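The structure appears right after this line, and notes come after that.
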Amino acid sequence: VQLQASGGGSVQAGGSLRLSCVASGSLLSINAMRWYRQAPGKQRELVASISSSSSTVYADSVKGRFTISRDNAKNTMTLQMNSLKPEDTAIYYCNADVESLRGWVTTRRDYWGQGTLVTVSS
């Protein structure tokens with residue numbers, strides 16, 4: 001199973017970016033999907049999560065500005081980021097709780113994407 005994140009870039013404060021994450025491989029099902037971020041010198045933090053039934057949770061710092069969504073048929077997740085602020089600058093990582101088949105065994109574990117850099121200038 002692999003997660004591939006994309007969509008990062010550089011934008012001025014107030015601008016928008018859209019991040020995407022695609023899961024591929026021997027998937028049976030994807031439970032919760034999440035976006036985390038890690039700014040320089042800081043710990044990784046949860047930005048937003050979405051359940052398999054599309055219930056969402058957001059960090060207080062991004063409520064009202066970011067929207068997480070998913071397409072279960074395509075095994076994809078997106079993060080629409082509006083009204084970006086310099087403090088949103090970070091590497092953004094996608095994460096998914098995945099059930100997959102390894103040989104004849106069903107396993108469930110978290111997978112991480114490689115990270116995509118978001119830079120917001122003032």
Side-chain angles (χ1 to χ4, degrees):
V1 175
Q2 292 185 327
L3 298 184
Q4 181 70 42
S6 62
S10 297
V11 66
Q12 289 191 327
S16 298
L17 284 173
R18 185 178 180 89
L19 305 183
S20 295
C21 179
V22 180
S24 61
S26 301
L27 300 167
L28 294 177
S29 63
I30 303 176
N31 302 300
M33 302 185 79
R34 309 172 188 94
W35 286 100
Y36 286 81
R37 67 185 180 187
Q38 187 165 19
K42 294 187 177 181
Q43 290 189 330
R44 190 173 297 189
E45 63 173 353
L46 178 65
V47 176
S49 66
I50 185 166
S51 71
S52 56
S53 59
S54 294
S55 295
T56 59
V57 176
Y58 296 93
D60 287 343
S61 59
V62 306
K63 281 181 182 177
R65 301 188 297 121
F66 290 11
T67 302
I68 189 172
S69 60
R70 65 189 287 172
D71 184 333
N72 292 330
K74 296 181 180 179
N75 294 330
T76 60
M77 170 179 64
T78 61
L79 185 69
Q80 178 66 43
M81 305 186 294
N82 298 329
S83 302
L84 283 161
K85 303 176 180 180
E87 51 263 44
D88 294 318
T89 295
I91 299 174
Y92 284 70
Y93 298 90
C94 60
N95 167 274
D97 175 4
V98 176
E99 292 187 40
S100 61
L101 195 61
R102 302 184 71 178
W104 295 103
V105 179
T106 299
T107 62
R108 180 175 178 176
R109 52 160 284 192
D110 273 9
Y111 289 87
W112 291 88
Q114 82 286 8
T116 184
L117 178 62
V118 171
T119 303
V120 184
S121 57
S122 57

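What you see is a predicted model, and the numbers here were worked out from it, not measured in a lab.
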Under a 4.5 Å cut-off applied to non-hydrogen side-chain atoms, are M77 and S20 in contact? no
Of all heavy-atom pairs linking R65 and S83, the shortest is NH1-O, 2.9 Å
Heavy atoms of N82 and S16 approach each other most closely as OD1-OG, 2.9 Å
Less than 4.5 Å apart, side chain to side chain, heavy atoms only: is that true for I91 and T116? no
**Q.** W35 ring center within less than 6.0 Å of F66 ring center
**A.** no
> With a 4.5 Å heavy-atom cut-off, do V47 and L79 have their side chains touching?
Replying inline: yes
Heavy-atom nearest pair, I68 first then Y58, reads N-OH, 2.9 Å
What I want to find out is whether K63 reaches D60 closely enough, with some N-O distance under 4.0 Å, to be called a salt bridge. yes
| said: Quick one: does any side-chain atom of T89 pair with a main-chain N or O of V120 as donor and acceptor, under 3.5 Å? | reply: yes
- Query: What about L3 and L27, same hydrophobic cluster or not, with Ile/Leu/Val/Met/Phe/Trp/Tyr joined at side-chain heavy-atom distances under 4.5 Å?
  - Reply: yes
Sub-4.5 Å side-chain heavy-atom contact between R70 and T78 = no
### Non-hydrogen side-chain atoms of D88 and M81 separated by less than 4.5 Å
no
Item to check | Side-chain heavy atoms of S100 within contact of Y111, under 4.5 Å | outcome: yes
